[in-house]
Amino acid sequence: MSKPNTPARHRPHCPAPRLDADPTRDLAFDILCGVVEHRRMLETTLDRSTVADARDRASAHRLAATVLRHMGSLTELLQPLLRREPPAPVRCALLMGVAQLRLLATPPHAAVGTIVALLRRRGLAPFAGLANAVLRRVAREGDTLADGLDDARLDVPPWLWSAWGDRARSIAAGLHREAPLDLTMRPGAEAPADGEVLPNGSIRFPAGTRVTELPGFESGQFWVQDVAASMPARLLNAQPGWSVVDLCAAPGGKTAQMAVSDVRVTAVERDAARIVRLQENLARLNVEAECVTADATTWRPAVPVDAVLLDAPCSATGTLRRHPDVLWVKRPRDVTALAEGQDRLIDAAYEMLRPDGILLYAVCSLQDEEGPQRIQAALKKGWRLDPFTPDELAAMPMARTPEGYFRTHPGMWLERGGMDGFFAARLRRV
């Protein structure tokens with residue numbers, strides 16, 4: 001398999017689209033070029049886009065995410081049809097065409113025509129003939145070209161496949177599914193009709209469900225939160241009247257979970273824009289929490305608190321179903337740097353807690369360096385592990401590790417639609 005990246009000297013300039021552009025494919029193309037050429041996250045390009053129509057944005061996101069979920073196997077399928085490596089933007093366009101043909105049921109004439117037109121619009125007309133020939137052949141011979149490809153293995157970068165060990169194939173199976181919509185309900189609220197009640201109490205709707213159209217959204221009866229992401233605050237089990245600091249708190253789902261249970265929550269977030277979003281979410285839900293804009297490594301509460309919930313910044317490899325760009329943007333050195341930051345946050349949490357106070361550490365990561373290894377490092381610094389019990393994880397027994405950690409991955413509950421990858425552990429200050 002060839003690498004999806006192309007050396008900088010081969011990257012042609014791609015001008016902005018003209019007014020007669022195809023907004024969906026132009027935006028999807030920009031997203032993919034951002035990931036492949038610049039290691040730019042999908043959401044960054046989407047946020048910067050001038051495409052205003054919500055349907056165009058949603059369609060572009062779906063097309064780009066589909067390519068990213070299958071980029072390794074789509075690249076391998078293309079290889080026999082290319083005599084030489086095309087420039088990275090051309091490869092991105094070809095991958096979009098193959099994804100339309102093979103995965104999105106786009107009629108062949110439309111799949112081929114839209115990519116040829118895209119290349120011409122974006123200053124890549126010399127490659128239009130190549131795209132026409134290659135994509136027509138994929139339309140005719142796609143099943144033969146794909147025969148024998150190990151999609152799961154190809155669609156995961158080697159460093160991640162190796163790191164995941166015997167979980168890798170199951171994780172890859174989850175990666176290939178679009179994530180459903182999970183809701184956490186406000187206590188006593190009535191769940192919207194037709195949702196599936198999951199064993200932990202989350203309500204699940206099919207992928208593509210528009211949350212803003214569900215009854216109860218405007219009145220703050222629920223918030224969006226993957227089933228795995230809903231578990232750390234549940235496992236902290238903060239009691240009414242407790243003082244709890246929620247570190248790195250945006251967008252606020254865990255803050256809300258605790259605040260609706262009469263817990264005194266201080267939500268700390270370094271990014272000013274993210275704390276505005278957190279405050280907006282809390283306002284919609286009509287729940288109260290003190291919001292502080294500060295660096296969690298240096299901020300301290302006025303008096304020691306009962307508990308700290310730390311959902312630490314991480315590689316986010318557990319969110320691959322929703323953010324498949326993580327596969328192609330993150331590198332091993334990123335994980336190393338993030339782990340160092342996680343240690344600093346754990347040290348800071350120690351100084352915030354009263355004696356025997358609780359730290360609930362969590363990351364949406366599949367990497368050992370950000371999960372078990374961080375806990376082992378913390379245990380050498382004056383923390384005591386407080387393992388999760390089988391009763392506490394009765395709704396998700398497969399997520400309890402022998403050490404008493406909570407650990408999920410996208411291949412779990414696949415028959416129900418899967419879940420994000422999360423790691424959590426409960427520590428007590430000695």
Residue pairs fulfilling side-chain hydrogen bond (donor to acceptor under 3.5 Å, both in side chains) with at least one residue in residues 183-194, sequence neighbours excluded: Thr184-Gln225

Flag for Thr389-Asp391: side-chain donor and acceptor within less than 3.5 Å: no

Less than 4.0 angstrom from a charged side-chain N to a carboxylate O is my criterion; do [X] and [Y] meet it?
X	Y	result
Arg429	Asp356	no
Asp271	Arg277	no
Asp143	Arg102	yes
Asp30	Arg122	yes
Arg25	Asp22	yes
Asp325	Arg39	no
Glu290	Arg264	no

Spell out, as yes or no, whether a donor-acceptor pair under 3.5 Å connects the side chain of [X] to the backbone of [Y].
X	Y	answer
Glu351	Ala348	no
Thr24	Ala60	no
Thr293	Ala272	no
Thr75	Met71	yes
Arg426	Asp386	yes
Asp155	Ala152	no
Ser59	Asp56	no
Thr319	Ala316	yes
Arg354	Pro304	no
His38	Arg40	no

Can you check whether [X] reaches [Y] side chain to side chain, under 4.5 Å on heavy atoms?
X	Y	answer
Arg270	Thr297	no
Met419	Pro180	no
Phe205	Leu183	yes
Leu310	Leu360	no
Leu145	Leu81	yes
Leu427	Ile375	yes
Glu269	Val292	no
Met96	Leu118	yes

Evaluation steps, salt bridge (charged side-chain N to carboxylate O under 4.0 Å, His left out), between Arg322 and Asp226: CA-CA 10 Å; Arg322 305 173 194 280; Asp226 183 83; 2.6 Å; yes

Looking at every non-hydrogen atom in both residues, tell me the closest pair between [X] and [Y] and how far apart they are.
X	Y	value
Leu236	Met258	CD2-SD, 3.7 Å
Leu104	Leu63	CD1-CD1, 3.6 Å
Phe222	Gly216	CE2-C, 3.5 Å
Ala267	Thr255	CB-OG1, 3.8 Å
Arg321	Gly174	CG-O, 3.3 Å
Leu359	Ala349	CD1-CB, 3.9 Å

Residue pair Tyr405, Phe388: steps toward the ring-ring contact (aromatic ring centres under 6.0 Å, His included) verdict: CA-CA 6 Å; Tyr405 304 144; Phe388 301 124; 8.3 Å; no

Working for side chain to side chain contact (heavy atoms under 4.5 Å, CB included), residues Leu379 and Leu385: CA-CA 7 Å; Leu379 294 177; Leu385 181 66; 4.0 Å; yes

Trace of the side-chain hydrogen bond (donor to acceptor under 3.5 Å, both in side chains) decision for Asp246 with Thr266: CA-CA 6 Å; Asp246 185 4; Thr266 301; over 6 Å; no

Evaluation steps, side chain to side chain contact (heavy atoms under 4.5 Å, CB included), between Val326 and Ser315: CA-CA 8 Å; Val326 168; Ser315 62; 5.7 Å; no

Residue pair Gln257, Trp223: steps toward the side chain to side chain contact (heavy atoms under 4.5 Å, CB included) verdict: CA-CA 9 Å; Gln257 279 180 282; Trp223 54 93; 3.5 Å; yes

Criterion salt bridge (charged side-chain N to carboxylate O under 4.0 Å, His left out) on Glu85 and Arg91, from CA distance to verdict: CA-CA 8 Å; Glu85 178 75 11; Arg91 180 176 287 281; 2.8 Å; yes

Ring-face cation of Arg210 near Phe217 (centre distance under 6.0 Å, axis angle within 45°): no

Residue pair Asp306, Ser243: steps toward the side-chain hydrogen bond (donor to acceptor under 3.5 Å, both in side chains) verdict: CA-CA 5 Å; Asp306 297 303; Ser243 57; 3.2 Å; yes

Trace of the side-chain hydrogen bond (donor to acceptor under 3.5 Å, both in side chains) decision for Ser365 with Gln367: CA-CA 6 Å; Ser365 171; Gln367 311 314 113; 4.7 Å; no

Glu369, Glu370, Gln373 screened by side-chain hydrogen bond (donor to acceptor under 3.5 Å, both in side chains) with Gln342, the one that passes: Glu370

